[in-house]
Number of protein chains: 2
Amino acid sequence: MVDAALFTIRNRRLCLILGRRKEPPFAGAFALSGGFVHVEEDSDAEMATRRVIRSKIGFDAPYLEQLFTFSGAARDPRGWSVSIAYYALIPWTLVEDNPSISAFPVEAVPALAFDHSQIVAKAVERLRSKATYSSLPVFLLPTEFTMNDLHQIYEQTIGTRLDKASFRHKILEQDFIEEIANRFRTGAHRPAQLYRLSSKVLTPFERKI
Amino acid sequence: MVDAALFTIRNRRLCLILGRRKEPPFAGAFALSGGFVHVEEDSDAEMATRRVIRSKIGFDAPYLEQLFTFSGAARDPRGWSVSIAYYALIPWTLVEDNPSISAFPVEAVPALAFDHSQIVAKAVERLRSKATYSSLPVFLLPTEFTMNDLHQIYEQTIGTRLDKASFRHKILEQDFIEEIANRFRTGAHRPAQLYRLSSKVLTPFERKI
DNA sequence: TGAATAGTGTCTTTAAGACACTATTCA
DNA sequence: TGAATAGTGTCTTAAAGACACTATTCA
């Protein structure tokens, strides 16, 4: 089967989208989104995962990556099993109006069914690690965002403070976002330039941020 | 099922250990070492892979890591299938006397059964990438080695030249190898200090070499 | 002594981080 | 004008790379 850890940023905090299981084992417990591969329908496991995610949130996740395959006799009380685990990044703005979605900060994830806590731990580790040397966190933002939005999600996902000037410099040098001409976010302060993604693919950096 | 890409360094070249398939499909073709999980015997897929590798080379590989899970209808003519792929690093000195082992330079791998060429491509990519920021290549060396041995396998796996002085400095700073007191490799030149691994686990570096 | 490999010192280049400064808006 | 956020300039620190130098052995 396949399982997916769905990450989002809500109120400037890195969160996981979880659901409650309907059937035993672990009926009523929180769990990642998962399902069985439909051999007739799914050309491979990634396509099965896309289908599972679409059925949860209604659309394709902007970023999806295979994480690890968990297997063994210990992870499911019914016996030996295999799960190909994925993680996906989803901008909160795309799901905030969906009443069936609930998100938990990664520091406050409830007890989970099966070995899903282990999957979550590995997914968080991968996300944090890739955030230090790639454009990964940008997939947590909506299509238009300010430099400060980006700054904040990098700090959130990496878990440390980053200098404003160095961050701006480093990001612009990587060339994966571009200014949107004449679009600014306004407020009781100087208007902020809006940016958008210029490359839809994950951009790895030469060095860390 | 599980498949394993076995890397080794022979004559200063990065090689893959391949075997010929006995049964159809692809009977007679070269392929990675693989096998089915024995649910009774293997506590998880990694243990199954260890068993497969032991049956090929006679002992456990010094380094083994899960690579990626390949799945789909296209990879096996018999229909939809899943393979959890691993890669392992093996010092050539441990297998050079084994007549059933044949190794091919990674730039000259023959046509392979199933999607094994794809698995190999991904394994090489992972190996090269991790070599730039971890102690990974050291697992290709025997227990005693000189700084130059280490230098050469890094150049081999990464695929670029590395400055001798910078390399030495960077490696010693990482603290995953230690001098063996009063042990030198001699020849028609100044004797070379022998080193051994001081930490059996993979050490990631802060920055690249 | 010359060939071969081992090992070191030092300078240059480049990236990262600290931090203070200027800019623009609204109340 | 003061609060708030946006955006820039400059200095310091540290790592990486280039490269030349010294060291030790054997033939």
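Naming convention: chains lettered A, B, ... in sequence-line order (proteins, then strands); numbering from 1 in each chain.
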Student: What's touching nucleotides 21-23 of chain C from the protein side, N or O pairs under 3.5 Å?
Tutor:
from, atom 1, to, atom 2, distance (Å)
C:dA23, O4', A:R190, NH1, 3.2
C:dA23, N3, A:R190, NH1, 3.3

Student: Run the side chain to side chain donor-acceptor pair (under 3.5 Å) test against B:N98 and tell me which residues pass, sequence neighbours left out.
Tutor: B:S100
Student: Which nucleotide in the set C:dG7, C:dT25, D:dG7 lies at the smallest distance from any side-chain heavy atom of A:P191?
Tutor: C:dT25
Student: Give every pair of a protein N or O atom and an N or O atom of nucleotides 9-12 of chain D that lie under 3.5 Å apart, one pair per line with the distance.
Tutor:
none

Student: Checking side-chain contact (heavy atoms from CB on, under 4.5 Å) against A:V37, which of A:D44, A:I84, A:V2, A:V52 comes through?
Tutor: A:V2
Student: What is the separation between atom CZ on B:F205 and atom P on D:dA14, rounded to the nearest whole Å?
Tutor: 21 Å
Student: Name the nucleic acid region contacted by B:E206, choosing base, sugar-phosphate or nothing; use a 4.0 angstrom heavy-atom cut-off, strictly under.
Tutor: nothing
Student: Does any residue of residues 174-189 of chain A have a heavy atom under 4.0 Å from DNA chain D, and if so, which ones, in number order?
Tutor: A:A188, A:H189
Student: Pairs in or reaching into residues 84-109 of chain B: which pass salt bridge (charged side-chain N to carboxylate O under 4.0 Å, His left out), with residues at least two apart or in two chains?
Tutor: B:R13-B:E107
Student: When you check the side-chain N and O atoms of A:E65 and A:Y87, is any donor under 3.5 Å from an acceptor?
Tutor: yes
Student: With B:L16 as reference, evaluate B:L6, B:T8, B:V106 under the side-chain contact (heavy atoms from CB on, under 4.5 Å) test and give the passing residue.
Tutor: B:V106
Student: Roughly how many Å is it from CZ in A:R161 to C1' in C:dC19, rounded to a whole number?
Tutor: 11 Å
Student: I need the CD-C1' distance between B:Q193 and D:dT25, as an integer number of Å.
Tutor: 15 Å
Student: Between A:G28 and A:R20, what is the shortest heavy-atom contact and its length?
Tutor: O-NH1, 2.7 Å
Student: Which residues pass the side chain to side chain donor-acceptor pair (under 3.5 Å) test with B:R190, sequence neighbours left out?
Tutor: none
Student: Please enumerate all residues that pass ring-ring contact (aromatic ring centres under 6.0 Å, His included) together with A:F114, with sequence neighbours excluded.
Tutor: A:F26, A:H116
Student: Find the distance between OH (B:Y154) and CD (B:Q156) and round it off to the nearest 0.5 Å.
Tutor: 14.0 Å
Student: Using atom CD1 of A:I171 as one end and atom C1' of C:dA16 as the other, report the distance to the nearest whole Å.
Tutor: 14 Å
Student: Let me know the distance between CG of A:L162 and P of C:dC19, rounded to the nearest Å.
Tutor: 15 Å
Student: Under the side chain to side chain donor-acceptor pair (under 3.5 Å) rule, collect the residues that match up with A:T69, sequence neighbours excluded.
Tutor: B:T69
Student: Please list all pairs meeting ring pair (Phe, Tyr, Trp, His ring centres under 6.0 Å) that have one or both residues in residues 46-71 of chain B, counting only residues at least two apart or in different chains.
Tutor: B:Y63-B:F139, B:F68-B:F70
Student: Taking only residues two or more places apart in sequence, or in another chain, which ones meet A:T146 in a side chain to side chain donor-acceptor pair (under 3.5 Å)?
Tutor: A:D149
Student: Roughly, in whole Å, what's the span from OH in A:Y133 to P in C:dA16?
Tutor: 15 Å
Student: Just how far, in rounded Å, is P of C:dA16 from CZ of A:F167?
Tutor: 13 Å
Student: Rounding to an integer number of Å, can you tell me how far B:R168 CZ sits from D:dA15 C1'?
Tutor: 19 Å
Student: Are side-chain N/O atoms of A:S83 and A:D3 paired as donor and acceptor at under 3.5 Å?
Tutor: yes
Student: Would you write out the dot-bracket form of DNA chain D, 5' to 3', with Watson-Crick and G-U pairs under 3.5 Å, [ ] for crossing pairs, | for pairs to other strands and . for unpaired bases?
Tutor: |||||||||||||||||||||||||||
Student: If the cut-off is 4.0 Å, is A:K170 near the phosphate of C:dA15, judged by side-chain N/O to OP1 or OP2?
Tutor: no
Student: Using heavy-atom distances to pick each residue's nearest nucleotide on DNA chain D, tell me which of B:E173 and A:Y195 is more 5'.
Tutor: A:Y195
Student: For residues 192-206 of chain B, pull every pair meeting side chain to side chain donor-acceptor pair (under 3.5 Å), keeping only residues two or more places apart or in separate chains.
Tutor: B:E178-B:R196
